[in-house]
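Data first, discussion second: the structure below is written as structure tokens.
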Amino acid sequence: MSARRGLDVSVLRIYLFLGFETGFGRGQNMGTKDKPDISALTPAQAAAELESLARQLSVANEAYHTLDAPQIDDATYDALKSRNALLEKMFPDLKRPDSPSEQVGAPVNETFGKVTHAVRMMSLANAFEDDDISEFDERVRKYLGLPSDAALSFTAEPKIDGLSLTLRYEDGQLTQAATRGDGEVGEDVTANAKTITDVPSYLAGMDGIVEVRGEVYMAHSDFAALNARQTSENRKPFANPRNAAAGSLRQLDPAITQSRPLRFFAYSWGELTTPLADTQFGAIVRLSELGFSTNPLTKRCSSPAELIAHYRSIEQQRATLGYDIDGVVYKLDDLPLQTRMGFRSTTPRWAIAHKFPAEKAWTRLESIEIQVGRTGALSPVARLTPVTVGGVVVSNATLHNEDYIAGKDSKGSEIRSGKDIREGDWVQIYRAGDVIPKVADVDVAKRDESALPFEFPTHCPDCGSDALREPGDAVRRCSGGMICPAQAMERLKHFVGRGAFDIEGLGARQIEQFYVDDHLPIHEPSQIFTLGRRDAGNLTKLANREGYGAKSAENLFTGIEARRHIPMRRLLFGLGIRHVGEAAARLIARHYGNWSAFVAAMDLAALEPAFQETATSKEVLTKSPAFAELLAIDGVGAVMATSLVAAFAQGNERTLIDRLCSELTIEDEAAVDESQSPVAGKTVVFTGTLEKLTRAEAKARAEALGAKVSGSVSAKTNILVAGPGAGSKAKKAAELGIETLDEDGWLELIGG
DNA sequence: GTGCCTCGAGTTCC
DNA sequence: CTCGAGGCAC
């Protein structure tokens, strides 16, 4: 949407924007400000502008991928590239060797090497209320099977607002430093980390691997001095210490990092040849002995009450600490117990971050806009007069749905004391979880007398179809389905997204362009794979298009071809069927194994009277064999099953799917690799009393090894683990001839 | 039927 | 990151 409309206006905006923000683009471009008439440019002017554009785009590219630089919106970026392409067309001789048109988008951090973490860098679950802390304590006890009066210690330490860094030492020598990245893969910043004085380059007497983790941050005083320097050197000051630290660590030239006053607190570790200690607190002490800075406010506490008391104490000292913190982290002190508890998908079970109340700011709500999502959901978004909240400029805030605007939550109870939100209102904004901007409060006294309650649209703003709300559903949805352009485009974006087809060179921005392209349109997924054929017979080839060069066009086609072979689960997820996400797609693909078997099953199910009567009760569906197979998959229920079958029933959507599949080679889903663990793919039932593990623990471990844990014994059960006191289940297992183990036998099988 | 827990969907800013 | 919905265990 952003690009092809109104080039003139956009270009005008760029010059104002970039000229102001970066100090670039002033002077030589002023002549083009009113109306950039290219034919009137002299070659010298054009060359100067091309040079300027190359610089601006390189700044923009960098800004897009680093946290410290100013932000440039997509429309501006697109317009910059268009202007560049236009100039290059008019003055081909002046095309620069570093021409921005030779690159599609920005190179993804090509400048830093990637590092795959030996041990994943997790994030933390959050808590906001005191009650959450007692609940955390209870959860830990329950998981470990400890009575509520058993002694249990936790550590409490300030949560530093910086960026996490992991330092790898081999035989005492610092060999690698990496940022967190997505937790799996980070960036190699070794040279930069070595310039930080708090980071020891050698650890005496530490043979083998020692991986120390902690937070890089900038103290308030250093930040103020740095910003003074930035200003005096005519550079843009940093918005906050966190951004300054992030920007400083990610400098290409280590000499610049060295000149920046970065500090480091160690608080955790990754891979270790030998353990540091047997408690969290002990490990911190050990890290301090090894020469690391550790936070002096780290304390061992023996009850939730003591944790909260320490939280209050830290909160009171917050302003005088000299560095930014955004909460207090609690960790289970006993390390063997930490190991027993393990991890959820992205967070450890044995730690929690108690966050300080979010910063809030008042601003004006200029308008309410309705966005249409891929499932047709109409989502209201508040356009705000930009305001700084917690060091970041916020100009949009989510309004969830029509009830939220009206002052009610999903259960019908009041939020914001029942105050509704109207266009023009003064609203208080906070960033939930320090990220998502939301409306905390409305100042009704300041409301204009003529302001009317917001009328939520009953029709799709994009295609005009009825927007309907199912009973009991919080969202209103466009009923246009396949005919709604907004939905179609969002579905395409989902299709090329991560976890689905993930096509290199074809992201959301490119989808928006191709969607409105007259010569090479992409309106449905199959057209992505016919793009190459269509381009071949096209006079206005992609390679000659604005924003593309021969090389970038070729790269795009290579990216598309690479995905013509696609794993079944990616295809299933990419189709964007309601209720079928990444996890469900994987489960289903794994169950059916190959695409034709799956589609045959869907066809069969669509013929079932139970489906044609649109009955969705599980009881009715389970009676039909075709549905029974779907519903037998762990994690698939009646809603998901009907949604799937409906998508594959003959009709427009199915035609689209078939057209797509005819372009693809769909890879069968490999059965669970049973060689990796002795219980992979097996169904296990636990019964009786377990003495060495709790139920939750046993289940989590078995699942981690690829087993499915069930509650009752059936013909599908492979292994029964029976502790003392096992009754009917053991008997039934014996009758069915199922392998039965005691707890020790089980532990032996899975290797401890 | 109720209460967890996980997943899906939507959103913002970088 | 959060909320709601779906799935499942109790």
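Naming convention: chains lettered A, B, ... in sequence-line order (proteins, then strands); numbering from 1 in each chain. Quick caveat, the model's predicted, so the values are computed rather than measured.
- Counting non-hydrogen atoms under 4.0 angstrom, A:Val475 reaches nothing in the nucleic acid.
- The distance between atom CD of A:Glu470 and atom P of C:dG6, rounded to the nearest whole Å, is 11 Å.
- Across the protein-nucleic acid pair, A:Ile633 atom CD1 and B:dT6 atom P stand 20 Å apart, rounded to whole Å.
- Taking atom CG on A:Leu163 and atom P on B:dC14, their separation rounds to 16 Å, with Å as the unit.
- With sequence neighbours left out, A:Glu653 forms a salt bridge (Lys or Arg N to Asp or Glu O under 4.0 Å) with A:Arg491.
- Going from atom CZ of A:Arg139 over to atom C1' of B:dG3 covers 15 Å, rounded to whole Å.
- Counting to the nearest Å, the P atom of B:dC14 and the CG atom of A:Asn396 are 11 Å from each other.
- Nearest nucleotide to the A:Ala474 side chain, out of C:dC3, B:dT12, C:dA5: C:dA5.
- Spacing between atom CD1 of A:Ile429 and atom P of B:dC13 amounts to 10 Å, rounded to whole angstrom units.
- Residues meeting the salt bridge (Lys or Arg N to Asp or Glu O under 4.0 Å) test with A:Asp132, sequence neighbours left out: none.
- Neither OP1 nor OP2 of B:dT12 sits under 4.0 Å from any side-chain N or O of A:Lys438.
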Let's go through A:Asp326 and A:Lys355 carefully: what are the C-alpha distance in whole Å and the side-chain angles of both, what is the deciding distance for side chain to side chain contact (heavy atoms under 4.5 Å, CB included) to 0.1 Å, and is it a yes or a no?
CA-CA 6 Å; A:Asp326 56 1; A:Lys355 304 294 275 291; 4.0 Å; yes

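- With rounding to whole Å, A:Asn401 atom CG is found 13 Å from C:dA5 atom C1'.
- For A:Arg374 (side chain) and A:Ala486 (main-chain N/O), no donor-acceptor pair under 3.5 Å exists by modelled atom type.
- The nucleotide whose nearest atom lies closest to any side-chain atom of A:Ser395 is, among B:dC13, C:dC3, C:dG7, B:dC13.
- With B:dC13, C:dG7, C:dC3 as the choices, the nucleotide that has an atom nearest any side-chain atom of A:Val394 turns out to be B:dC13.
- Here the P atom of nucleotide B:dT6 and the CZ atom of A:Arg349 are 7 Å apart, to the nearest Å.
- The side chain to side chain contact (heavy atoms under 4.5 Å, CB included) search around A:Ala500 returns A:Phe573, not counting sequence neighbours.
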Pairs under 3.5 Å (N/O, protein and nucleotides 8-10 of chain B):
unit_1	atom_1	unit_2	atom_2	d
B:dG8	OP1	A:Gly581	N	3.0
B:dG8	OP1	A:Ala584	N	3.0
B:dG8	OP2	A:Glu582	N	3.4
B:dG8	OP2	A:Ala583	N	3.3
B:dA9	OP1	A:His579	N	2.8
B:dA9	OP2	A:Arg374	NH2	3.0
B:dG10	OP1	A:Thr375	N	3.4
B:dG10	OP1	A:Thr375	OG1	2.3
B:dG10	O3'	A:Ser379	OG	2.8

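- Applying the side chain to side chain contact (heavy atoms under 4.5 Å, CB included) rule to A:Asp502 yields the partners A:Arg498, A:Arg563, A:Arg570; only residues at least two apart in sequence or on another chain are considered.
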Indicate every side-chain donor-acceptor pair of residues 387-396 of chain A with a distance under 3.5 Å to a residue at least two apart or in another chain.
unit_1	atom_1	unit_2	atom_2	d
A:Asn396	OD1	A:Arg383	NH1	2.5

